Amino acid sequence: MANLLQDKTVLILGVANKWSIAHAIAAAARREGARVLLTYQGERQRLTVEELGAELGADKVLACDVSKDEELAGLAQALQADGVTLDAVVHSIAFANREDLSRPFVETSRSGYALAQDVSAYSLVAVARTCRPFMTRGGSITTLSYLGAVRVVQNYNVMGVAKAALEAAVKYLANDLGPAGIRVNAISAGPIKTASARGVKDFGKILEGMLAMAPLRRNTDPAEVADTAVFLASDLGRGVTGNVLYVDGGFQVMALAAP
Ligand code: 1JT
């Protein structure tokens, strides 16, 4: 492609392994000539992300558990110390307790609800606030969502409610940061077999249903989600903010599948 991110620095949060959507986004950003910074969650993940970062040609790998204010402050300190200016930030982070993605939604505990909201939705607000001082040329913040935010998808449950909050946060952040030239958007990806999804009950059936119903008749490839993230991070996306872009083979428009 055409060096769409030449001379840009992109911070990517959420690389956990090579199946992570964030990993595909990092690879696409590098392909387009970006300088890439990665973060990892906790010491347990450090070596893995450092190795992936080296393979990807990432410039830096920084600590940041988004559920801890001290770690967000630490990230800011590290960016400050390196004199970094950020052009784009990708937030590809979510968490919920396994049992909350299988039991009926009505059974969700207060603590399970709060955890999903904190890690999956509030963290975008905290990351935006942390990164804003480094986005002095303006830029782009992109997060990842899923259709369960706006429709009932069996078992998505507490994550659906967290993604609904995330998509609303995208709009409020777009309004706050727009005057500084910072755009905020979400990509609503079709279901992808990441490590997080692997443990989900009946995930294979979700992928099969997608294959049968989506206009493109195939599952979502992390690389096509990554290319949309590149578009949003690049100057090509300069007029797009406060939006949710569906990268799902068109699944979202369907009501019933063709016979
Ligand atoms: C999390 C998990 C966030 C799985 C996720 C997720 N966002 C999308 N998926 C995949 C998925 C999961 C379910 C689903 C459809 C897609 C795992 C735990 C951490 C947060 O249900 C139809 C349950």
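The analysis underlying the following values was restricted to heavy atoms, covering all of them including side chains, and did not include hydrogens, waters or symmetry mates. Treat the numbers as computed from the prediction; the structure is a model and nothing was measured. One-based numbering, in listed order, for ligands and for the atoms of each.
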Q: Look at K171 together with E167 and state whether they make a salt bridge at an N to O cut-off of under 4.0 Å.
A: no
**Q.** Residue of the set D248, L144, V244 for which side-chain contact (heavy atoms from CB on, under 4.5 Å) holds with S188
**A.** V244
Q: Nearest heavy atom to atom 1 (C) of ligand 1 wins, so pick from K205, R98, M159, K163.
A: M159
Q. Which protein non-hydrogen atom lies closest to atom 16 (C) of ligand 1, naming both residue and atom, and how far is it?
A. F203 CE1, 3.4 Å
Q: List every atom of ligand 1 that sits less than 4.0 Å from any heavy atom of N155, numbering the atoms from 1 in the order shown and giving each element.
A: 23 (C)
Q | Proximity flag P191 to ligand 1, non-hydrogen atoms under 4.0 Å | A | no
Q: Go through ligand 1 atom by atom and flag the ones less than 4.0 Å from a non-hydrogen atom of L101.
A: 17 (C), 18 (C)
Q. Just going by heavy-atom distances, which of R198, Q154, M210 is nearest to atom 21 (O) of ligand 1?
A. Q154
Q.
Can you confirm whether Q154 is buried at CD, in the sense that more than 12 heavy atoms of other residues, nucleotides or ligands lie under 6.0 Å from that atom?
A. no
Q.
Considering non-hydrogen atoms of the protein only, which is the closest contact for atom 23 (C) of ligand 1, and what is the distance?
A. V200 CG1, 3.2 Å
Q | Ion pair E224/R218, N-O distance below 4.0 Å | A | yes
Q. Mind checking whether Y156 has an N or O less than 3.5 Å away from an N or O of ligand 1?
A. yes
Q: Pull out every atom of ligand 1 sitting under 4.0 Å from any heavy atom of V153, numbered as shown with elements.
A: 22 (C)
Q) Can a salt bridge be assigned to the pair D227 and R31 using a cut-off of 4.0 Å between side-chain N and carboxylate O? A) yes
Q: Decide if atom CG of D69 counts as having more than 12 heavy atoms of other residues, nucleotides or ligands within a radius under 6.0 Å.
A: no
Q. Above 12 or not: heavy atoms from other molecules or residues under 6.0 Å from CD of Q6?
A. yes
**Q.** Identity and separation of the nearest protein heavy atom to atom 17 (C) of ligand 1
**A.** S196 O, 3.4 Å
